[in-house]
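Okay, structure first, notes after.
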Amino acid sequence: MPTDPDCVFCKIVAGEIPCHKLFEDEHVLAFLDVNPLSEGHALVIPKQHYATLDAVPADTAAAIGAALPALAHAVLNATDATDYNILQNNGAPAGQDVFHVHFHLIPRQPGTDRQDATPGHGLPARPWPAQKVDHEKAAALAERIRGAIGS
Ligand code: AMP
Ligand code: ZN
């Protein structure tokens, strides 16, 4: 099993650092984030150490994919939230701080505006710096990506 002795999430999986555990199966562990953006902010991680999502094998990815909706259902049932974000950062420039794959499940505090950035209210929504698509470039790019699938 790939593990990194210096990784905080590997230490949680090994029981060397405590966590508020929510769910566990063969491939996946879910626990509460220690610095929550809102009540119920949870992390879903593979038990094995992979730094970024593109390194995760299909069986583990499938287990994460099955755990996320079930956990979302449970968090909504156990809190007042009806809305939530799934956030997953890969690489330092993309905002990743812990280099062991993790999915954030971040409930949105009920009754809050989407751009409300008050601590405890969850992840504020857009604006993101979106651009207009260039369809010629997009067609060429899509072809390159299709050709790279499975490589
Ligand atoms: P990211 O910035 O996407 O890498 O997110 C890392 C997340 O891990 C942050 O939200 C941290 O609060 C959380 N975190 C770091 N250490 C722990 C820990 N020991 N237990 C629970 N969550 C943690
Ligand atoms: Zn790790």
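For reference, positions follow the sequence shown, starting with 1. Both counts, for ligands and for their atoms, begin at 1 and track the order of listing.
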### Query
Is the shortest N/O to N/O distance between Asp97 and ligand 1 below 3.5 Å?
yes
#### Entry: Ring centroid separation Phe31 to Phe9 under 6.0 Å
yes
### Task
Output the atom name for the N/O/S atom of His100 with the smallest distance to the Zn ion (ligand 2).
ND1
### Query
How is the N/O/S atom of His49 that comes nearest to the Zn ion (ligand 2) named?
ND1
### Task
Could you tell me whether a side-chain N or O of Gln96 sits under 3.5 Å from a main-chain N or O of Gly91, the two making a donor and an acceptor?
yes
#### Entry: Contact atoms of ligand 1, heavy-atom distance to Asn89 under 4.0 Å
3 (O)
### Query
Below 3.5 angstrom, do we get any N/O pair linking Val34 and ligand 1?
yes
### Task
State plainly whether the residues Lys47 and Glu24 are in salt-bridge range, i.e. N to O under 4.0 Å.
yes
### Whether His104 lies under 4.0 Å from ligand 1, heavy atom
yes
### Aromatic ring pairing His104/His41, orientation class (parallel under 30°, perpendicular over 60°, tilted between)
tilted
### Task
Determine, using heavy atoms of Leu37 and all atoms of ligand 1, whether some pair is separated by less than 4.0 Å.
no
#### Entry: Any Gly95 heavy atom less than 4.0 Å to ligand 1
yes
### Message
How far is atom 13 (C) of ligand 1 from the closest protein heavy atom, and which atom is that?
### Response
Asp33 OD2, 3.4 Å
### Task
Measure the spacing between CG of Leu87 and CG of Leu43 and express it to the nearest 0.5 Å.
10.0 Å
### Task
Answer yes or no: is there a donor N or O on one side and an acceptor on the other, between the side chain of Arg108 and the main chain of Ala125, under 3.5 Å?
no
### Query
Is Gln88 touching ligand 1 with its side chain, its backbone, both, or neither, if touching means heavy atoms under 4.0 Å apart?
neither
### Query
Going by the order shown, which atoms of ligand 1 are within less than 4.0 Å of some heavy atom of Leu43?
8 (O), 13 (C), 22 (N)
### Message
Check for me, please, whether Ile64 and Tyr84 land in the same ILVMFWY cluster - side-chain distances under 4.5 Å, paths through other members count.
### Response
yes
### Query
Under a heavy-atom criterion of less than 4.0 Å, does Leu32 contact ligand 1?
yes
### Query
Mind checking whether Phe9 has a heavy atom under 4.0 Å from ligand 1?
yes
### Query
Just distances here: any N/O of Gln96 and N/O of ligand 1 closer than 3.5 Å?
no
### Message
Pair Phe103, Leu53 - check side-chain contact (heavy atoms from CB on, under 4.5 Å), show working.
### Response
CA-CA 10 Å; Phe103 286 74; Leu53 186 62; 3.7 Å; yes
### Message
Quick check on contacts: which atoms of ligand 1 are under 4.0 angstrom from a heavy atom of Ile12?
### Response
18 (C), 19 (N), 20 (N)
### Query
Got a second to check how far His73's NE2 is from Leu68's CG, nearest 0.5 Å?
14.5 Å
